[in-house]
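Just so we're clear, the structure is a prediction, and the values are computed from it rather than from any experiment. Index from 1, following the sequence.
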Amino acid sequence: MGSSTGSGATLVVVGGGGFRVPLVYRALADGPFAGLVSDVVLFDAQQERSHAIARVLKAMPRAAGGPALSVRVETRLEEALPGADIVFAAVRSGGTEGRVLDERVALAAGLLGQETIGAGGISYALRSIPDMMHVASAIRDLAPDAWLINFTNPAGMVTEAVSAVLGGRVIGICDSASGLVARAAQAVGLELGDSLAGVDYVGLNHLGWLRGLDGGAKSGLDGGADGGADGGRDLLPGLLADPVRLAALEEGRLFGPDLLRTLGALPNEYLFYYYFHREALRSIRSADRTRGEILRDQQENLYPRLAAAGDPFAVWEDARCERESGYLAEARSADEERDEADLAGGGYERVALQVMRSLLTDQRADLILNVRNGRTFPGLPQDAIVEVPSVVDAAGARPLSTAPLTPHQLGLMSTVKAVEQDTIRAAVHRDRDAALRAFAGHPLVDSFHAASAVLAGYEKEFPALRASWVG
């Protein structure tokens with residue numbers, strides 16, 4: 001391992017000034033992941049942000065006897081990467097202002113303004129992918145044995161793009177799918193344990209469905225003398241047919257029992273924007289501020305406050321709870337609040353650190369990850385990145401076997417994957433026609449004229465994008 005201070009590994013965080021970095025650090029300093037890492041290196045294009053986050057990390061309460069982690073800030077990527085064992089990348093190209101423009105340009109064209117979905121997601125990817133290709137090339141040259149764990153959104157597209165540079169040494173993560181599975185399992189009284197063998201989840205990043213929960217694990221519902229072993233029966237249909245239990249589940253409230261019964265599956269929360277496109281667009285258009293504007297306003301003075309506060313951790317913790325409470329607000333009723341378990345955090349860093357632990361120790365973990373399709377779904381390209389239950393160990397991540405896609409699932413995934421691959425081509429090869437094809441082909445963009453208008457709008461707001469096209 002590349003550590004300079006002990007037996008633990010060296011973790012480099014690219015985007016080290018990111019708001020959620022303390023979640024990762026907290027898990028490394030306490031609990032089952034303690035001891036994996038001895039050195040944390042923060043790199044951010046806005047170095048004042050990484051210095052502010054470093055103050056939060058150093059002020060964070062730790063359990064007695066917890067490991068002492070070295071934290072340092074580097075101002076150049078070339079100085080941060082050598083010696084890295086693991087690289088976490090959570091880069092927001094264009095900053096919060098870029099997100100606001102992604103949203104507002106789409107809305108001005110009559111389209112959904114959302115960070116990773118539809119026109120806004122394509123625009124974001126056109127900025128994120130070139131930056132992450134630079135990071136991937138630097139990792140290949142300066143830390144060739146390191147693993148890249150990618151959080152940078154849109155996570156599926158970014159992971160697929162940089163896999164051309166790093167091959168299987170990049171793994172994409174997102175906590176929305178694993179959160180869905182955990183909530184559904186709890187709703188049916190199913191203890192998943194360390195295996196996802198009974199979990200039937202398929203999709204792409206921010207576009208997937210939970211199709212089955214095998215009751216072969218212990219369940220607290222149809223209890224027998226052993227506490228309820230359910231003999232391999234799929235418990236999901238019973239949940240979908242029970243309006244009371246659905247009402248207690250975030251996705252049940254989000255999608256409603258009629259749609260869930262029709263689908264015979266629990267969709268990832270981001271499919272709200274597909275199944276309720278008009279309602280989501282109407283809600284976002286009627287709001288005074290977009291989600292990006294809310295976050296921009298919340299964070300406007302946050303980093304200076306973190307840099308100056310006597311207790312920067314307390315300032316950060318208050319901001320985290322405020323931020324989490326507004327997540328997907330357009331999909332909830334005015335008086336509906338998020339569950340306490342969601343506000344407590346835990347998904348983002350848990351998935352990332354389980355992946356890291358398996359890569360470093362060869363301790364197998366089953367997780368829902370963004371990995372190369374291979375032969376998992378014959379209807380999609382083998383090099384496509386899909387989001388499925390996977391096994392990860394020291395050799396990397398590989399998808400577990402899964403049942404075939406339904407025509408509905410394959411149709412939507414194929415359409416969106418074609419958009420993603422055109423977007424990647426546009427970003428990597430600076431191909432404007434591919435970008436226009438991506439906008440026009442997305443199911444949430446309803447005409448070629450709208451696609452042309454929104455691309456022109458983004459080119460106006462991001463002159464570097466307009467200047468990047470070749471030919």
Side-chain angles (χ1 to χ4, degrees), residues 23-24 27-28 30-36 149 171-203 208-240 242 245 248-252 265-266 268-269 339-342 344-371 376 386-403:
L23 294 173
V24 173
L28 286 171
D30 192 13
F33 304 106
L36 279 177
I149 300 177
I171 300 169
I173 73 163
C174 178
D175 60 359
S176 62
S178 56
L180 164 62
V181 171
R183 287 187 291 272
Q186 183 178 28
V188 299
L190 182 63
E191 298 176 13
L192 289 175
D194 296 326
S195 174
L196 292 179
V199 174
D200 182 5
Y201 183 92
V202 296
W209 301 265
L210 175 61
R211 306 185 300 179
L213 285 169
D214 189 338
K218 284 186 178 295
S219 165
L221 289 180
D222 301 319
D226 62 356
D230 214 329
R233 180 168 66 85
D234 186 1
L235 300 175
L236 187 62
L239 173 61
L240 298 178
D242 188 337
R245 277 193 288 164
L249 182 70
E250 184 162 334
E251 285 76 13
L266 272 177
N268 183 294
E269 59 199 348
D339 291 339
E340 287 296 325
D342 295 320
Y348 175 92
E349 76 276 15
R350 182 176 61 248
V351 178
L353 294 173
Q354 283 178 303
V355 171
M356 184 175 72
R357 180 173 59 190
S358 294
L359 293 172
L360 293 175
T361 69
D362 202 27
Q363 179 179 332
R364 170 181 169 147
D366 287 4
L367 300 163
I368 299 177
L369 301 170
N370 285 266
V371 295
T376 307
V386 296
E387 189 170 84
V388 291
S390 306
V391 57
V392 58
D393 53 27
R398 302 168 298 284
L400 295 167
S401 60
T402 188

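Looking at M356 and L28, their side chains come closer than 4.5 Å, going by heavy atoms from C-beta outward. Between I149 and L359, some side-chain heavy-atom pair lies under the 4.5 Å cut-off. Counting heavy atoms from C-beta outward, L190 and L192 have side chains that approach closer than 4.5 Å. At least one side-chain heavy atom of L249 sits less than 4.5 Å from a side-chain heavy atom of L266. Looking at R211 and D234, their side chains never come closer than 4.5 Å, going by heavy atoms from C-beta outward. The side-chain heavy atoms of V388 and V371, taken from C-beta on, include a pair separated by under 4.5 Å. Side chains of Y201 and L180 form a contact here, defined as non-hydrogen atoms less than 4.5 Å apart. Looking only at side-chain heavy atoms (C-beta outward), R350 and D175 stay at 4.5 Å or farther from each other.
One finds the CD atom of E251 at 4.0 Å from the CZ atom of R183 (value rounded to the nearest 0.5 Å). How far CD of E349 is from CD1 of I173: 9.5 Å, rounded to the nearest 0.5 Å. Summarising the geometry, atom CG belonging to L400 is positioned 10.0 Å from atom CG belonging to L367; distances are rounded to the nearest 0.5 Å. We find the CD-OG distance between E387 and S178 to be 8.5 Å, quoted to the nearest 0.5 Å.
Here the closest heavy-atom approach between residue L236 and residue A265 is recorded as CD2-CA, 4.4 Å. Of all heavy-atom pairs spanning N268 and A177, the tightest one is ND2-N, 3.9 Å. Contact detail for L353 and V24: the closest heavy-atom pair is CD1-O, 3.7 Å. Closest approach of I171 to A397, counting heavy atoms only: CD1-CB, 3.8 Å. Of all the heavy atoms in Q354 and F33, the pair that sits closest is N-CE2, 3.6 Å. When every heavy atom of A394 is checked against every heavy atom of D362, the shortest pair comes out as N-OD1, 3.0 Å.
Side-chain N or O atoms of D366 include one that pairs as donor or acceptor with a backbone N or O of L196 at under 3.5 Å. Side-chain N or O atoms of S390 include none that pairs as donor or acceptor with a backbone N or O of I368 at under 3.5 Å.
Salt-bridge check for R398 with D393: passed, with a basic side-chain N closer than 4.0 Å to an acidic carboxylate O.
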Apply side-chain contact (heavy atoms from CB on, under 4.5 Å) to L210 and V199, showing your working.
CA-CA 8 Å; L210 175 61; V199 174; 3.9 Å; yes
Full working for side-chain contact (heavy atoms from CB on, under 4.5 Å) between V351 and L369
CA-CA 9 Å; V351 178; L369 301 170; 4.1 Å; yes
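The environment of CG in D194 is sparse: at most 12 heavy-atom neighbours from other residues, nucleotides or ligands sit within 6.0 Å.
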